[in-house]
Amino acid sequence: MRASSRFAPSPTGPLHLGSLVTALASWLDARANGQYWYLRIEDLDPPREEPGASDLIMQQLKAHGLKWDVWSGSDARSGALFQSNRHDAYVAALEQLIAQGQAYPCTCSRKKLQYAIDSGKTTHNPDGEIIYPGYCRPAQPEGLSAPQAALIFRQQDRDGCAWRFRSPSGDDFVIRRADGLWAYHLAVVVDDGYQGITHVLRGDDLLHAAPRHQVLREALGLPPIAVQHVPVVKNDQGEKLSKQTKAPPLRTDSQEVIRLQLEFAWSHLEFQMPRGWIARVSGSWKRLQQQPIRAYPPAL
Ligand code: GLU
Ligand code: ZN
């Protein structure tokens, strides 16, 4: 099987310079190593999404010469995999974990967890999340048959419970939210497995997610993945470029600007990534620079 990588943006808005750095790093790495490079749209959280953002992201990637390989199971129009079409696969994964005694329903309110912090029963992790104090964790995990697990899932789901992964590390994180939305951690692991992803290069804002993904992959019987992180781009205030910090969208309306944006992203990588990595991908970078650039009219 050919090694594969992916870029997996959430369509909460257009790409900005920070996302271009991650996309470029992952594309260069895949191209330098002869891997497939897929596009996966992580549209799991409709309230946070912006209408039209997926199309805009695809246009921005194409304008910068970052073309993705069409994945066989993907949406026919775009060649990308949309997580919003993957509900049944996430249900199957959750039911598998329930059957294995590795997922349990959690009824803890935000208030209860805040109280656990205030009373010193737990603390925050480096990402600012409350480390789950284990209130709903069953003392004895019980193995169940597949039909029993499916029944339990349906019952608890009707009651609006969140589901947590019973992690061997003790860090029991949410894999399905009480509002019925799938958690990023479950979806990313299931889909990386589904798409046969072997290599991931992404922003280091997701560094602390890597051990969670590893234990979840093991629980679901999925093969290991080589994961590398790129230091994210920060603004003058030291904040990560993002929609929240009002990072301007990448422009696609002028060839000159597109080239400048690519050069900015490359110089960030040259500064931040190990020399050996830069040496490995520099041939792919040269080829990208020689590609004709196609400008698109502003879409916003
Ligand atoms: N969808 C995630 C994000 O936009 C990235 C997921 C990943 O690369 O693992 O932050
Ligand atoms: Zn709970």
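As a basis for the values below, the full set of heavy atoms in this structure was taken, side chains included, without hydrogen atoms, waters or symmetry mates. We count ligands from 1, going down the list as the structure has it; atoms in each ligand are counted the same way.
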Take atom OH of Y115 as the centre, draw a 6.0 Å sphere, and report whether it contains more than 12 heavy atoms from other residues, nucleotides or ligands. no
With a cut-off of 4.0 Å, which atoms of ligand 1 are near a heavy atom of [X]?
X	value
E42	1 (N), 2 (C), 5 (C), 6 (C)
V188	9 (O)
S10	1 (N), 2 (C), 3 (C), 4 (O)

Atom 10 (O) of ligand 1 has as its nearest protein heavy atom L206 CD1, 4.1 Å
Looking only at protein heavy atoms, what sits closest to atom 5 (C) of ligand 1 is A8 O, 3.3 Å
Does [X] make a cation-pi contact with [Y], if we ask for NZ or CZ under 6.0 Å from the ring centre and within 45° of the axis?
X	Y	result
R176	W163	no
R2	Y36	yes
R212	F165	no
R164	Y132	yes

- Message: For the residue pair W277 / D29, report whether a side-chain donor-acceptor contact shorter than 3.5 Å exists.
- Response: yes
Query - R6 touching ligand 1 at heavy-atom level, < 4.0 angstrom - result: yes
message = Could you check whether any heavy atom of Y184 sits closer than 4.0 Å to an atom of ligand 1, since that is the contact criterion I want to use?
response = yes
Atoms listed for the Zn ion (ligand 2) (protein only, N, O or S, under 2.8 Å, no waters) are C106 SG, C108 SG, Y132 OH, C136 SG
**Message:** Taking I225's backbone N and O only, do any of them form a donor-acceptor pair with T198's side chain (distance below 3.5 Å, no angle check)?
**Reply:** no
Check your understanding: Can you get from I278 to L288 by hopping between Ile, Leu, Val, Met, Phe, Trp and Tyr side chains that sit under 4.5 Å apart?
Key -> yes
Short version for D205: what comes under 4.0 Å of ligand 1, heavy atoms counted, is neither
Query raised in the report: Can you check salt bridge (charged side-chain N to carboxylate O under 4.0 Å, His left out) on D191 and R6, steps first, answer last?
Result: CA-CA 10 Å; D191 287 340; R6 50 51 172 196; over 6 Å; no
- [ ] Check whether the ring centres of W182 and H87 lie less than 6.0 Å apart, and answer yes or no.
- [x] yes
